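Heads up, the thing below is written out as structure tokens.
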Amino acid sequence: MSQPVTSNPLIIMLINMTVVFLVLIALGIVINLIHKIDPTAKKEKAPAEPAAPAPTAVPSVTQSAPVGLSPEIVAVIAAAVASYGYGMDQIRAIRPIARDGWKQSGRNIVAERLL
């Protein structure tokens with residue numbers, strides 16, 4: 001039987017980590033090459049004119065907003081919803097959801113301890 005080259009665990013660890021990182025670097029190079037020579041990628045055309053910015057006006061969402069919300073908060077919420085692909089005309093109302101589940105469970109725990 002042959003003798004191991006080394007029995008030092010630190011050297012074995014360094015050799016193993018070197019091999020792993022070399023393989024990861026090689027995979028990264030292969031991925032970059034595939035991205036550069038990809039024949040199925042569509043060629044991007046430079047637009048002739050810059051795109052017009054999105055309208056910043058918030059439609060009638062502010063009428064249905066609760067009293068405590070500022071117009072800036074309403075605009076941010078409307079922009080976030082619009083970023084998911086919904087139009088500004090599809091936003092009907094912005095209102096908080098009544099969730100009393102945690103309050104009620106806390107009261108139940110206190111009531112159980114008192115009994």
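Computed from a predicted structure; not experimentally measured.
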List the atom pairs, with distances to 0.1 Å, where a side-chain N or O of residues 4-26 and a protein N or O form a donor-acceptor pair under 3.5 Å, not counting sequence neighbours.
| residue | atom | partner | partner atom | Å |
| --- | --- | --- | --- | --- |
| T6 | OG1 | N8 | N | 3.1 |
| N8 | OD1 | L10 | N | 3.2 |
| N16 | ND2 | I12 | O | 3.3 |
| T18 | OG1 | L14 | O | 2.6 |

Query raised in the report: Where is the tightest heavy-atom contact between A80 and S83, given as atom of each residue plus distance?
Result: O-OG, 2.6 Å
With a 3.5 Å cut-off and sequence neighbours excluded, list the donor-acceptor pairs that the side chains of residues 27-37 form with protein atoms.
| residue | atom | partner | partner atom | Å |
| --- | --- | --- | --- | --- |
| N32 | ND2 | G28 | O | 3.4 |

Query - Linked, directly or transitively: V74 and Y86 (ILVMFWY side chains, under 4.5 Å) - result: yes
Requested in this report: Could you list all the side chain to side chain donor-acceptor pair (under 3.5 Å) pairs where at least one residue sits in residues 71-80, not counting sequence neighbours?
Outcome: S70-E72
